[in-house]
Amino acid sequence: MTLTLVDRTRCTDAAPGKDVDASPDKDVVDPGAAPEPEKSPDSAPRRAAGREADGLAVASFVLGLVGLLVFNIVLGPMAIVMALLALTRRTRRRGRAFLGLALGAADLVVLAALVTANGTVAWSIGG
């Protein structure tokens, strides 16, 4: 750490006419210092967006699955929207996103079948 401080001091104290990059101790690395990570400005936001998209894919799958049993009028469209968002954000769990999309559509099909059979949106399990 002190080596870095000394290097910064030398660079700022360099004469204006001399090239600062030509200093002989520029490539000296402190053996106790941690290695510098590769600099990529997009790595942190890309990782966060990937996690968020993966979470959306899983959430769409779960909501589509639960929507087959209860609240399919609400959970079906939510599963479809979350699956489409996950796919547009390039999730690594594309299979789950497609399953969430299919289950959300199945929720709406079940809802349409129940409405045509019963004439109401409510479930009647007992007959």
Side-chain angles (χ1 to χ4, degrees):
M1 190 154 213
T2 52
L3 183 62
T4 306
L5 243 120
V6 171
D7 286 345
R8 286 184 185 163
T9 306
R10 286 183 188 160
C11 289
T12 56
D13 291 342
K18 292 190 177 185
D19 188 16
V20 175
D21 292 336
S23 63
D25 58 348
K26 180 184 172 216
D27 295 329
V28 175
V29 178
D30 186 11
E36 224 177 273
E38 291 183 21
K39 293 181 181 179
S40 61
D42 299 334
S43 65
R46 191 177 298 165
R47 247 183 269 145
R51 278 190 193 154
E52 183 180 330
D54 291 346
L56 283 171
V58 172
S60 71
F61 172 71
V62 170
L63 288 178
L65 198 59
V66 171
L68 288 174
L69 302 174
V70 292
F71 297 122
N72 48 5
I73 194 168
V74 175
L75 297 181
M78 284 177 61
I80 291 172
V81 168
M82 285 186 177
L84 292 175
L85 280 173
L87 289 171
T88 55
R89 293 181 184 179
R90 299 180 188 226
T91 181
R92 290 179 292 169
R93 300 181 181 202
R94 293 179 56 84
R96 289 216 178 118
F98 282 123
L99 280 173
L101 187 62
L103 286 171
D107 290 347
L108 296 179
V109 168
V110 167
L111 176 66
L114 287 173
V115 168
T116 57
N118 294 342
T120 180
V121 180
W123 282 78
S124 65
I125 297 174

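Note that these values count all heavy atoms, side chains included, but never hydrogens, waters or copies made by symmetry.
- Of the residues listed (R89, R92, R94), the one engaging D54 in a salt bridge (charged side-chain N to carboxylate O under 4.0 Å, His left out) is R92, and it is the only one.
- Residues A86 and A53 come closest through the heavy atom pair CB-O, 3.5 Å.
- When side chains are defined from C-beta on, T91 does not count as touching L56, because their heavy atoms never get closer than 4.5 Å.
- Both I73 and L65 belong to a single network of hydrophobic side chains, linked directly or stepwise wherever heavy atoms of I, L, V, M, F, W or Y lie under 4.5 Å apart.
- If you take CD1 on I80 and CE on M82, they are separated by 12.5 Å, rounding to the nearest 0.5 Å.
- Under the 4.5 Å side-chain heavy-atom criterion for ILVMFWY residues, a single connected hydrophobic cluster contains both V74 and L85.
- For A79 against G100, the heavy-atom pair with the smallest separation is CB-O, 3.9 Å.
- In the hydrophobic clustering of this structure, V115 groups with L75; members are Ile, Leu, Val, Met, Phe, Trp, Tyr whose side-chain heavy atoms approach within less than 4.5 Å, directly or through other members.
- Residue V110 comes nearest to N72 through the heavy atom pair CG1-ND2, 3.6 Å, listed as atom of the first residue, atom of the second, then distance.
- Closest non-hydrogen pair, L99 versus F61, comes out as CB-CD1, 3.7 Å.
- Under the 3.5 Å distance criterion, the side-chain polar atoms of D107 are left unmatched by any main-chain donor or acceptor of P77.
- When the side chains of ILVMFWY residues are joined at heavy-atom separations under 4.5 Å, either directly or via intervening members, F71 and L111 end up in a single hydrophobic cluster.
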